[in-house]
Amino acid sequence: MHVVGGFYRELCELPKWDEEFGSGGRAAAFLSGLSEETTFHTYNRNSTSPGLLRLEKLGVHLRVTPRSTDFVFAYFHALSRPHIEPDFRSIAKEPPIRVEAKNILLFGFLEGDAIVSGDRVVFDPQSPICGHKFRNNGSSAQQLVLVLNEYEALMSSEKENIQDAASYLLSEHESDVVVIKAGVRGAWVFERKKPEVHIPIYHSEKVFKIGTGDIFSAAFSHFWAERKETAAVAADKASRFVSKYCQHPTLPLPSPDIDRCVPINGTECGSALIVGKANTIGRKYTLQEIAHCVSELGGQAIPITAELVSLYSGEETPVLIITDGFLNEDINKLRKLFNKSRKVILLVDEESKIEKCSKNDREMHVNDFVTSIYKLSWSSMS
């Protein structure tokens, strides 16, 4: 497999993360454990950087084109919008990378472009592709798959739903398959003259979000291009690998048994409740930020303080309790109130609180910010 894509530094505070990957580097590292041979085409200022040397040790063949500067993606938490340095809009574009190979996974670049020619090509643009078609720069493919997230698909097509967006992309971009990822709602596979296929997401105890889309595209490319699986089968296997990566973001993944993955059923997020303290700026931010993230994933979350819980005690929607600032007796009162009729998730930032809270079948304890958001969203699926 030939991987063509960016190689960038990634920083994150929640959870702590400082790695050199980018979409291309992550995909190459992942495929080094599946493909017989992986070649990585990218830009970088230093061809002997630690991240590139690590890829070489994994057996990845490197084809590095010089660039004038390096890029950093900085996240506060793994669902936040990254801050990118330097501002890539002010950087002169590098000459395009040219690749001719049988099987190609192509990602969009910040600092340049790639002109590729292949038998089977998977194109993950990483951003809306308004006015920029795969073949516009001279690229070609005997068979082409577009992999986009829902936002990219809707913006690229100027349509209001993914079905219309897929029809547009199949036609206007002369693609054979369009895969649209819709977060916690799973993904949809669209092929010419075939019914659409829904692909579920799969459960993981933890959710490390940075790079999940890269893993999906890499796994899909391997099974569709190299193994010649159908697009639907390749997408389902890709979704399973994403769940394994979310649990343990170590690459290459250590021979996961993807057949045992448990699907999360449903295609729509429902409503949910978030209970927390709001007596400091930090606590108020946490309460509102979780609600915002749930809405970004397609759900509806109502953030409230403990004083208002009696107004919602009779509902059956799942609830997330942010334990920061609550006394243990206050937490237990909330648990007893909500455990009667709904799923309860406790976001616990102190080990002592976990030890003093005994769980039941309707309750989950989580100590990771992003994981708590996904657990809440999954609990509302229907």
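- With a 4.5 Å cut-off on side-chain heavy atoms, Asn332 and Leu334 do not count as touching.
- Counting only heavy atoms from C-beta outward, the side chains of Val189 and Thr230 never approach each other to under 4.5 Å.
- For residues 134-159, every residue pair satisfying the ring pair (Phe, Tyr, Trp, His ring centres under 6.0 Å) rule, not counting sequence neighbours, is listed here: Phe123-Phe134.
- In summary, the aromatic rings of Phe241 and Phe30 are positioned with their centroids under 6.0 Å apart.
- Between Met381 and Ile264, the closest side-chain pair of non-hydrogen atoms falls below 4.5 Å.
- By the side chain to side chain contact (heavy atoms under 4.5 Å, CB included) test, Ala182 is found to be paired with Glu150, Arg185, Trp188, residues two or more places apart in sequence or in another chain being considered.
- Here the shortest heavy-atom pairing between Gln143 and Arg120 reads NE2-NE, 3.3 Å.
- Residues meeting the side chain to side chain contact (heavy atoms under 4.5 Å, CB included) test with Lys206, sequence neighbours left out: Gln247, Thr371.
- Looking at Asp70 and Val72, their side chains never come closer than 4.5 Å, going by heavy atoms from C-beta outward.
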Identify all side-chain donor-acceptor contacts of residues 287-303 below 3.5 Å with residues at least two apart in sequence or on another chain.
from   : atom 1 : to     : atom 2 : distance (Å)
Glu289 : OE2    : His77  : NE2    : 2.7
Ser295 : OG     : His292 : O      : 2.6

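- Taking each heavy atom of Ser117 and Ser140 in turn, the nearest pair found is OG-OG, 3.0 Å.
- Side-chain atoms of Tyr43 come within 3.5 Å of backbone atoms of Pro95 as a donor-acceptor pair (strictly under, hydrogens ignored).
- Of all heavy-atom pairs between Trp17 and Ile210, the closest is CD1-CD1, 4.3 Å.
- Put simply, the side chain of Arg54 gets close to the backbone of Glu20: a donor and an acceptor are under 3.5 Å apart.
- Considering only heavy atoms from C-beta on, Asp368 stays 4.5 Å or farther from Val207 through its side chain.
- Side-chain contact between Val197 and Pro195 is absent, with no heavy-atom pair separated by less than 4.5 Å.
- Heavy atoms only, all atoms of each residue included: Asn44 and Asn46 are closest at ND2-O, 2.6 Å.
- No path of Ile, Leu, Val, Met, Phe, Trp and Tyr side chains, each step under 4.5 Å between heavy atoms, connects Phe220 with Val233, placing them in separate hydrophobic clusters.
- Rounding to the nearest 0.5 Å gives a distance of 11.5 Å between CG of Asn136 and CD1 of Ile115.
- Distance alone, capped at 3.5 Å, is enough to place a donor-acceptor pair between the Arg342 side chain and the Thr317 backbone.
- For Glu174, the side chain to side chain contact (heavy atoms under 4.5 Å, CB included) partners at least two apart in sequence or on another chain are Arg135.
- Checked by atom type and distance alone, the side chain of Thr212 never pairs as donor or acceptor with a backbone atom of Phe208 at under 3.5 Å.
- One hydrophobic cluster holds both Phe73 and Tyr245 under the rule that ILVMFWY side chains link at heavy-atom gaps under 4.5 Å.
- Checked by atom type, the side-chain pair His365/Glu363 shows a donor-acceptor distance below 3.5 Å.
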Donor-acceptor pairs are to be reported for all side-chain atoms of residues 32-40 against protein atoms at under 3.5 Å, with residues two or more places apart or in another chain.
from  : atom 1 : to     : atom 2 : distance (Å)
Ser32 : OG     : Ala29  : O      : 2.6
Ser35 : OG     : Glu226 : OE1    : 2.6
Glu37 : OE2    : His61  : NE2    : 3.3

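- Other residues, nucleotides and ligands contribute over 12 non-hydrogen atoms within 6.0 Å of the NZ atom of Lys93.
- Atom NZ of Lys57 is surrounded by 12 or fewer heavy atoms from other residues, nucleotides or ligands within 6.0 Å.
- Residue Leu110 is not grouped with residue Leu11 when hydrophobic side chains (ILVMFWY) are merged at heavy-atom distances under 4.5 angstrom, including chains of intermediate members.
- A salt bridge is defined here as a Lys NZ or Arg NE, NH1 or NH2 lying under 4.0 Å from an Asp or Glu carboxylate O, and Asp214 with Arg26 meets this definition.
- A donor-acceptor pair is defined here as one N or O able to donate and one able to accept, closer than 3.5 Å; such a pair exists between the side chain of Thr323 and the backbone of Leu347.
- Qualifying ring pair (Phe, Tyr, Trp, His ring centres under 6.0 Å) partners for His222, counting only residues two or more places apart in sequence or in other chains: none.
- Put simply, the side chain of Ser157 never gets that close to the backbone of Asp164: no donor and acceptor are under 3.5 Å apart.
- Clustering of Ile, Leu, Val, Met, Phe, Trp and Tyr by side-chain heavy atoms under 4.5 Å joins Leu53 with none of the others.
- Not counting sequence neighbours, the partners of Glu229 by the side-chain hydrogen bond (donor to acceptor under 3.5 Å, both in side chains) test are Lys237.
- At least one donor-acceptor pair closer than 3.5 Å links the side chain of Ser239 to the backbone N or O of Pro200.
- Side-chain atoms of Ser379 come within 3.5 Å of backbone atoms of Lys375 as a donor-acceptor pair (strictly under, hydrogens ignored).
- The shortest non-hydrogen separation linking Phe7 to Ser49 is CE2-OG, 3.6 Å.
- Not counting sequence neighbours, the partners of Asp124 by the side-chain hydrogen bond (donor to acceptor under 3.5 Å, both in side chains) test are Gln126, Ser217.
- The heavy-atom pair separating Phe109 from Gly6 by the smallest distance is CE2-N, 3.5 Å.
- Glu160 CD: 12 or fewer foreign heavy atoms inside a 6.0 Å radius.
- Counting heavy atoms from C-beta outward, Asp236 and Tyr202 have side chains that approach closer than 4.5 Å.
- Within a 6.0 Å sphere centred on CD of Glu196, heavy atoms belonging to other residues, nucleotides or ligands number more than 12.
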Would you give me the side-chain donor-acceptor pairs under 3.5 Å for residues 275-286, sequence neighbours excluded?
from   : atom 1 : to     : atom 2 : distance (Å)
Asn279 : OD1    : Arg283 : NH1    : 3.2
Thr280 : OG1    : Arg283 : N      : 3.1
Arg283 : NE     : Asp324 : OD2    : 3.1
Thr286 : OG1    : Gly282 : O      : 2.9

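- The side-chain hydrogen bond (donor to acceptor under 3.5 Å, both in side chains) test applied to His83 returns Glu85, not counting sequence neighbours.
- For the pair Val145 and Val179, the minimum side-chain heavy-atom distance is below 4.5 Å.
- Between the side chains of Ser204 and Ser243, no donor-acceptor pair of N or O atoms lies under 3.5 Å.
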